[in-house]
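Letters A, B, ... are given to chains in the order of the sequence lines, protein chains preceding strands, and every chain is numbered from 1. Quick caveat, the model's predicted, so the values are computed rather than measured. Below, each value reflects all heavy atoms present in this structure, side chains not excepted, and no hydrogens, waters or symmetry copies.
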Amino acid sequence: MDVSHILDDLNEAQREAVSAPAGSTLVLAGAGSGKTRVLVHRIAWLTGVAGATPWSVLAVTFTNKAAREMRHRIEHLLGQPVGGMWVGTFHGLAHRLLRAHWQEAGLPKAFQILDSDDQHRLIKRLIREMNLDDSKWPPRQAQWFINSQKDEGRRAQHLDDGGDHYQRQMIAIYRAYQEACERSGAVDFAELLLRAHELLRDRTDILHHYRERFAHILVDEFQDTNSIQYAWLRLLSGERNNLFVVGDDDQSIYGWRGAKVENIRHFQRDFPKTAMVRLEQNYRSTANILQASNAVISNNPSRLGKNLWTEDKDGDPVRVYAAFNEVDEARFVIGRISDAIDSGHRRTDVAILYRTSAQSRLFEEALLQAGIPYRVYGGLRFFERAEIKDALAYMRLVSNRDSDPAFERAVNQPPRGIGPRTLDAVRAHARDFGCSMWHAMEELLAGGSMAARAANALKGFVEVIEELQLETTDMQLADLTAQVLNRSRLPEHFKKSRDGKGQDRIENLEELVNAARQFDGISMGSDSIDLPGTEINSSTPGSIESDPIEMSELDAFLSHAALEAGDTQAGEHEESVQLMTLHSAKGLEFPLIFIGGMEEGLFPHSMSSDDPERLEEERRLCYVGMTRAMEQLYLCHAESRRLHGSDSYPMPSRFLREIPPDLVEEIRSRPDVSRPVITPAGGFNMAEETTGFRLGQRVAHPKFGEGVVLNAEGQGSSARVQVNFEAAGAKWLVVAYANLQAV
DNA sequence: GATTTAGACATTTTT
DNA sequence: TGTCTAAATC
């Protein structure tokens, strides 16, 4: 294999990282410094130059998308497929381990994965069953509690309530939840990681096997790892310490979800001989954009320190637009986008970023009005849609009748006359005998003590599932799926709905059959089943793991649906402007970036601005957003914004002040346009005629300093204006007495 | 069992 | 202000 090109087109720091000697390596990779590139070239270097087999390489990412991209780029660079390499997400890899060693992990063979929605429903149900008031004990909070405990590696029995009521109750819910999961053979996302960790921790034979095998472990986005993921990596790396991690502490924006930036610092402590490489040359943005971003992030005290530089030209200044209100903000942004498109930019060159998803609506409306196609990131994904989950629930019952979450979902969907009272009886019986709901239902039916109507309804359901199970044995996955639609009568049910979504739902269900067919096609080709989030090896000679993973097509497909929820919108690859939250922009780049809502309270968000650590994370989020821009960066804030129904007069974000003024071009609200004002008399009027000031105009007050005119009312001597002062906030002033000066 | 209405509530999200 | 959920009602 010709490997000469592996180091050729890399800069010095990248080369140093890629060819680092065996042992632990920490690569601090700034935004746009070629992070993925280094990872991919490192793998190529290991297998091509250092003599490692693809077999011995484990590469871990956070998202399926990142995993796919990495594999793709490795194969492109090496010019051949790399079988045997494990490239996948933490969850995908943990899942694979658990499938291979389900017995040792204490799981049923056909264990199923609960997604967050399943988890939420289950917890909600349990809280009710425990006779707790779910307004006092919100399921969301319990879910958060359970997941954060698992992320820290803690089981319910390890926890101590410390005499605290709240704590005690949460622990009780955690315990009940875990028992319910065991009964149903269900594993949630956090459980995948925790179980996989416990498996390696408690079974030295298995641990040694994988330590032997994975001589090279590489981790992407290391700053996003949580405690259990880091523990898992340490366990697996063993004494060899061949851990190659890439990350950027300045881009850590998922602390709220358990990610520990400290892991980067701990890494150097835990692996004392770590080689550290900084990638500081940026290949993405112009010098002005980069300098502005550097200036903002430098306000964070706890950084490892990095200073990005570029050989690129200065480029345009960062443009800051002070909008009159949120509508004006959207109008301005869309106006600039039209201009950019007219002057030859593609729509896909442009992204609008915002802190909260609710902000997208105004931009969408403005884009719609301007007739510019757009795409919003986020939202429901294919396998998360209600109708899809309904169908999957039937499939889950076919695979495992003890799955209570699936039972609860499918039993009366479509409605077949099984009401809350019947279900309560089934639940009570299941709880009393510690069995699954399916089992409880069978016993109740056999007992004959049930009302005839309820019993018949339940029998109808039993029949559906049993028929399905009988007739789909040895059936192809796609045919099985089609048969599920037939027997469940879900399509007929949605056909009846008159909310306009019925047709969409039916089409989605048909798409599910297609998805199953595609999945079938993939796994038929290989000699083992393709597990989501991982790439399958061919065969391992005589080892623990060479035991083929015994898993039906159906179970593989169900796992795939949970671990890889699919795209937001099917087939939306049209040339369009991209809208997304700042969080989902991480890892992407666009020639033109617009960030809206640069206001105190919104960004940094009010829920994060009291705590210094969370404020730092907000600043990192700002840094992430700014560094997405290649050529032009627009930052917008509004003088007034309607938030939850009432008006607010936010101050411009502190992050704006942190940008050196010489890098900024301020854009004023169009001064030639006066806005109409409604006078108490009832008619329209121009603010300028009645008060002498235009809306949006900057004025100075002897006591309050400078501000912007937001509103005006009244006439003559009673004319008043509302001014948003930078220091004092929004105030109404009588023009005749206020002594305001235009600035 | 479906439809309507009232009430709560409102960061960020992948697996 | 807009959306989502849950009780209330037909």
Side-chain angles (χ1 to χ4, degrees), chain A residues 60-67 88-95 113-121 124 128 134-135 138-140 144 147 150-151 187-194 196 221 224-226 228-229 252-259 326-327 353-362 365 377-381 383-384 412-420 457 493 496-499 532-534 559-566 568 580-587 597 601-609 614 617-618 620-622 624-625 641-648:
Chain A
V60 199
T61 64
F62 278 86
T63 65
N64 294 301
K65 200 172 137 207
T89 64
F90 276 104
H91 296 267
L93 298 168
H95 174 242
I113 300 171
L114 292 188
D115 69 13
S116 333
D117 182 57
D118 299 328
Q119 187 186 35
H120 179 75
R121 287 161 176 270
K124 193 168 166 180
R128 285 192 178 164
D134 55 4
S135 60
R140 288 254 167 248
W144 184 85
N147 288 335
K150 288 189 176 185
D151 284 346
V187 168
D188 60 51
F189 289 131
E191 184 76 16
L192 284 171
L193 301 175
L194 182 51
E221 306 276 18
D224 288 337
T225 49
N226 65 27
I228 197 75
Q229 287 160 341
S252 160
I253 55 174
Y254 287 112
W256 52 275
R257 155 179 124 176
E326 73 280 3
V327 179
L353 312 182
Y354 34 79
R355 177 66 236 269
T356 67
S357 9
Q359 286 168 260
S360 77
R361 226 191 75 246
L362 286 155
E365 281 168 9
Y377 278 61
L380 268 197
R381 315 237 283 296
F383 286 111
E384 291 167 350
N412 202 34
Q413 174 73 345
R416 44 173 73 83
I418 300 168
H493 167 66
K496 278 185 270 172
S497 82
R498 279 178 271 104
D499 60 354
T534 59
S559 302
H560 167 81
L563 285 173
E564 207 165 333
T568 311
M580 65 191 88
T581 63
L582 286 151
H583 280 90
S584 35
K586 194 171 79 153
L602 190 59
F603 190 30
H605 200 276
S606 54
M607 303 207 76
S608 301
S609 31
R614 305 187 67 184
E617 186 156 305
E618 293 280 312
R620 293 194 290 264
L621 189 56
C622 182
V624 166
R641 180 177 295 273
R642 189 147 238 176
L643 220 65
H644 321 300
S646 51
D647 286 314
S648 66

Which is true for [X] with a 4.0 Å heavy-atom rule: it touches a base, it touches only sugar-phosphate, or it touches nothing?
X      : value
A:G417 : sugar-phosphate
A:S116 : base
A:E618 : base
A:K124 : sugar-phosphate

Between the side chain of [X] and the main-chain N/O of [Y], is any donor-acceptor distance below 3.5 Å?
X      : Y      : answer
A:E617 : A:G255 : yes
A:E384 : A:A565 : no
A:N412 : A:R416 : yes

Kindly assign one of parallel, tilted or perpendicular to the pair A:H91 and A:F189, based on the angle between their ring planes and the thresholds 30° and 60°.
perpendicular

Without decimals, in angstroms, what is the distance between [X] [atom1] and [N] [atom2]?
X      : N      : atom1 : atom2 : answer
A:L380 : B:dT13 : CG    : P     : 13 Å
A:R257 : B:dT15 : CZ    : P     : 8 Å
A:K65  : B:dT15 : NZ    : C1'   : 15 Å
A:D134 : B:dC9  : CG    : P     : 11 Å
A:I228 : B:dT14 : CD1   : P     : 22 Å
A:H644 : B:dG7  : NE2   : P     : 20 Å
A:F603 : B:dT12 : CZ    : C1'   : 10 Å
A:W144 : B:dT12 : CH2   : P     : 17 Å

Using Watson-Crick geometry (N1-N3 plus N6-O4 or O6-N4) or G-U wobble (N1-O2, O6-N3), each under 3.5 Å, C:dA8 is paired with B:dT3

Considering Watson-Crick and G-U wobble pairs with both distances under 3.5 Å, what does B:dT12 pair with?
none

What's the closest nucleotide to the side chain of [X] if the choices are [options]?
X      : options                : result
A:P415 : B:dA2, B:dT15, B:dT11  : B:dA2
A:N412 : B:dT13, B:dG1, B:dT15  : B:dG1
A:T356 : B:dT13, B:dT11, C:dT3  : B:dT11
A:T581 : B:dT13, B:dT11, B:dT14 : B:dT13

Hey, is the side chain of [X] poking within less than 4.0 Å of OP1 or OP2 on [N], counting only N and O atoms?
X      : N      : result
A:R381 : B:dT14 : yes
A:K150 : B:dT15 : no
A:N64  : B:dT14 : no
A:S357 : B:dT11 : no

If we require ring centres under 5.5 Å and near-parallel planes under 30°, does A:H91 stack on B:dT15?
no

With the six-membered base ring of B:dT11 as reference, does the ring of A:W256 sit under 5.5 Å away with planes under 30° apart?
no

5' precedence on DNA chain B between A:G379 and A:M607 (nearest-nucleotide basis)
A:M607

Which comes earlier along DNA chain B counting from the 5' end, the contact point of A:R355 or that of A:R416, where each point is its nearest nucleotide?
A:R416

I'd like the C1' distance from C:dT5 over to B:dT12, given in whole Å.
22 Å

Please report the distance separating the P of C:dC4 from the corresponding atom of B:dT13, rounded so that it comes out in whole Å.
15 Å

Is there a salt bridge (charged side-chain N to carboxylate O under 4.0 Å, His left out) between A:E618 and A:R614? Walk through the geometry before answering.
CA-CA 6 Å; A:E618 293 280 312; A:R614 305 187 67 184; over 6 Å; no

In terms of side-chain heavy atoms, does A:T356 have a donor or acceptor partner in A:Q359 at a distance below 3.5 Å?
yes

Please test A:M580 against A:L353 for side-chain contact (heavy atoms from CB on, under 4.5 Å), starting from the C-alpha separation and ending with a verdict.
CA-CA 5 Å; A:M580 65 191 88; A:L353 312 182; 3.5 Å; yes

So, is B:dT5 syn or anti if syn means the angle is within 90° of 0?
anti

Is any N or O donor-acceptor pair between the side chain of A:R642 and the base of C:dT1 shorter than 3.5 Å?
no

